[in-house]
Amino acid sequence: MEKRIIARGVLVGAIGGLPAFVFARILAEPIIDRAIAYEGGRDGAHTTLEQAAGHPMAGMEEGELFTRSVQATIGVGFGMIVFGAAMGALFAVVYCLFVGRVGALSPRNLALCVAGGMFGVLYAVPFFKYPANPPSIGNPDTIGQRTGLYLLMVVIAATCAVGAVWLGRRLQARLGNWTATIAAGLAFVVVVTAIASLLPSLGHLAANRALGDAATETPLPLTDSSGRIVYPGFPADDLYYFRFYSLAAQVILWSVIGVGFATLAPRLFRRADDSAAAPAAAV
């Protein structure tokens with residue numbers, strides 16, 4: 001039974017990765033192209049300033065293993081489908097863990113709840129503390145720290161989610177299912193928000209403080225020694241829409257996983273019941 005659930009999870013995850021890729025390819029890729037162009041222009045302006053100040057900089061050209069067109073089509077498409085399949089497999093494992101342990105939830109409703117919870121834990125909650133930036137935007141010296149902080153937020157969200165489920169079950173007998181669920185949800189929001197507020201903003205990391213105190217890693221206007229702006233900051237509209245499209249692409253992926261598996265789940269469990277009943281009938 002578990003193997004069938006995981007196989008269906010991988011299937012709906014891979015299917016979900018396809019519309020997520022199409023969405024991102026149409027709306028997010030133009031922003032990525034502009035971000036790459038912005039980085040190249042800013043690096044050129046920075047080199048000019050350094051040379052004018054008497055500090056020549058040795059440029060290093062990095063060869064591309066794959067062209068930008070391949071990366072934006074086949075590369076991203078394949079990556080999104082594989083990522084979707086992996087998330088579908090993880091969804092199926094979590095689904096198996098909850099089957100029979102969540103009261104009277106039907107297989108269909110359980111699929112929707114698990115998909116929504118995993119979207120929140122794996123993406124939405126970490127996103128609101130450390131939102132996505134377009135590639136090429138951000139200090140390369142902080143990649144390790146940024147990755148670690150994001151994964152820490154995922155662990156915090158997952159731990160708090162497990163705690164909220166435990167709290168809801170403990171309160172269910174005393175407060176009823178509806179009130180217990182609301183209380184557990186509020187506790188989750190309060191605890192996650194409190195912990196997230198203690199974590200550093202990306203602009204306050206040591207490598208970024210050396211460049212100037214800021215709330216995020218989004219590049220500010222580049223100025224010369226007199227304070228005159230020689231290159232603008234990264235466009236706010238592009239940053240906003242990239243983050244919005246990134247969030248929307250994840251919503252699409254997890255919606256397909258949840259709705260797709262919810263559609264397959266009743267039939268899957270019906271077959272399992274029929275298979276279990278057949279030997280009994282034979283006896």
Side-chain angles (χ1 to χ4, degrees), residues 9-10 12-29 31-32 35 76-95 97-98 110-135 137-138 142-165 184-185 188-197 199-202 216-218 239-262:
V10 172
V12 296
I15 293 173
L18 186 58
F21 158 67
V22 173
F23 177 87
R25 178 68 182 87
I26 294 173
L27 296 175
E29 279 299 325
I31 298 176
I32 294 175
V76 175
F78 179 76
M80 285 294 292
I81 292 173
V82 171
F83 175 78
M87 291 301 99
L90 182 59
F91 161 87
V93 171
V94 175
Y95 186 90
L97 294 176
F98 277 102
L110 178 60
L112 297 176
C113 290
V114 171
M118 292 185 67
F119 164 72
V121 167
L122 296 178
Y123 194 82
V125 172
F127 175 89
F128 284 111
K129 177 61 180 181
Y130 300 116
N133 277 341
I137 301 304
T142 64
I143 290 177
Q145 289 176 289
R146 281 183 280 159
T147 302
L149 287 170
Y150 186 88
L151 292 178
L152 178 60
M153 275 301 305
V154 172
V155 172
I156 290 170
T159 303
C160 291
V162 172
V165 172
F188 172 83
V189 172
V190 170
V191 173
V192 168
T193 301
I195 296 175
S197 66
L199 297 178
S201 298
L202 295 182
T216 70
E217 285 204 333
T218 307
L239 182 64
Y240 168 81
Y241 282 111
F242 179 82
R243 290 175 173 175
F244 176 77
Y245 296 149
S246 297
L247 183 63
Q250 289 290 322
V251 170
I252 291 172
L253 172 63
W254 286 103
S255 295
V256 173
I257 290 176
V259 174
F261 196 88

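Computed from a predicted model, the values in this text were never measured in an experiment. Residues: numbered from 1 along the sequence shown.
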Return the [atom1] to [atom2] distance between [X] and [Y], rounded to the nearest 0.5 Å.
X: Ile15; Y: Phe261; atom1: CD1; atom2: CZ; answer: 12.5 Å
X: Ile32; Y: Tyr245; atom1: CD1; atom2: OH; answer: 12.5 Å
X: Leu152; Y: Lys129; atom1: CG; atom2: NZ; answer: 10.5 Å
X: Leu90; Y: Leu122; atom1: CG; atom2: CG; answer: 6.0 Å
X: Tyr150; Y: Phe127; atom1: OH; atom2: CZ; answer: 9.0 Å

Does the pair Val114 and Met118 meet the rule for a side-chain contact (heavy atoms from CB on, under 4.5 Å), with working shown? CA-CA 6 Å; Val114 171; Met118 292 185 67; 3.8 Å; yes

Please report the shortest heavy-atom distance between [X] and [Y], naming the atom on each side.
X: Gly120; Y: Pro126; answer: O-CD, 3.9 Å
X: Ala92; Y: Gly9; answer: CB-CA, 4.2 Å
X: Leu239; Y: Pro134; answer: CD1-CD, 4.0 Å
X: Ala20; Y: Met80; answer: CB-CE, 3.3 Å
X: Val121; Y: Ala161; answer: CG2-CB, 3.7 Å
X: Val256; Y: Gly16; answer: CG1-CA, 3.4 Å

Below 4.5 Å, heavy atoms only, C-beta onward: do Phe188 and Val125 meet side chain to side chain?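 SC-SC contact between Phe188 and Val125 confirmed.
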
Within the 4.5 Å heavy-atom criterion, are Val22 and Arg25 side-chain neighbours or not?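 Answer no - side chains too far apart.
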
In residues 246-254, what donor-acceptor pairs under 3.5 Å come from side-chain atoms, sequence neighbours left out?
{"unit_1": "Ser246", "atom_1": "OG", "unit_2": "Phe242", "atom_2": "O", "d": "2.8"}
{"unit_1": "Gln250", "atom_1": "OE1", "unit_2": "Trp254", "atom_2": "NE1", "d": "3.4"}

Say whether, by atom type as modelled, one donor and one acceptor occur between the side chain of Thr193 and the main chain of Val190 under 3.5 angstrom. no

Within 6.0 angstrom of Phe23 CZ, more than 12 heavy atoms from elsewhere: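 Counting other residues, nucleotides and ligands, CZ of Phe23 exceeds 12 neighbours.
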
